[in-house]
Amino acid sequence: MVRTPLTPRERERGERLGALLRTARGERSMVEVAAAAGLSAETLRKIETGRAPTPAFFTIAALAGALGLSLDEVAALATPPEAPAAAVA
């Protein structure tokens, strides 16, 4: 199976998600947060560094729960702002 390349917007969303998770994790270790979410530390590391920019919904939900974030917060903060519409000449 060939995977469709990610769009720039999808890559940016992955980067924003990673930054959000790193910030929310604060001083807690990656191992601690990953264990609380039922994930491996390597999975969390890949998401935080953008190497896994499109994690599964249930992975995001588990991380949000472990970090005390609502899914609404995660969606709002990880979604890049809309690009301004091109001016019509």
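Just so it is clear, the model here is predicted, and its values are computed rather than measured.
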[atom1] of [X] to [atom2] of [Y]: how many Å apart, nearest 0.5 Å?
{"X": "Glu12", "Y": "Thr79", "atom1": "CD", "atom2": "OG1", "answer": "10.0 Å"}
{"X": "Leu21", "Y": "Leu69", "atom1": "CG", "atom2": "CG", "answer": "7.5 Å"}
{"X": "Ile47", "Y": "Leu39", "atom1": "CD1", "atom2": "CG", "answer": "6.5 Å"}

_Qualifying salt bridge (Lys or Arg N to Asp or Glu O under 4.0 Å) pairs with a residue from residues 63-74, counting only residues at least two apart or across chains_ = none
Listing, residues 48-59 side-chain donor-acceptor contacts under 3.5 Å, not counting sequence neighbours, or none:
| unit_1 | atom_1 | unit_2 | atom_2 | d |
| --- | --- | --- | --- | --- |
| Glu48 | OE1 | Arg25 | NH2 | 3.0 |
| Glu48 | OE2 | Arg25 | NE | 2.8 |
| Thr49 | OG1 | Arg45 | O | 2.9 |
| Thr49 | OG1 | Lys46 | O | 3.4 |
| Arg51 | NH2 | Glu42 | OE2 | 3.0 |
| Thr54 | OG1 | Arg3 | NH2 | 2.8 |

*Locate the shortest heavy-atom distance separating Pro81 from Arg16; write the atom from each residue and the value.*
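Heavy atoms only, the tightest pair is CD-NH1, 3.7 Å.
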*After noting the C-alpha distance and the side-chain angles of Arg9 and Glu82, does the key distance pass the side-chain contact (heavy atoms from CB on, under 4.5 Å) rule?*
CA-CA 9 Å; Arg9 185 169 171 80; Glu82 290 293 325; 3.0 Å; yes
Using atom types as modelled, flag every donor-acceptor pair under 3.5 Å from a side chain in residues 27-37 to any protein atom, sequence neighbours excluded.
| unit_1 | atom_1 | unit_2 | atom_2 | d |
| --- | --- | --- | --- | --- |
| Arg28 | NH2 | Ala66 | O | 3.1 |
| Ser29 | OG | Glu32 | N | 3.0 |

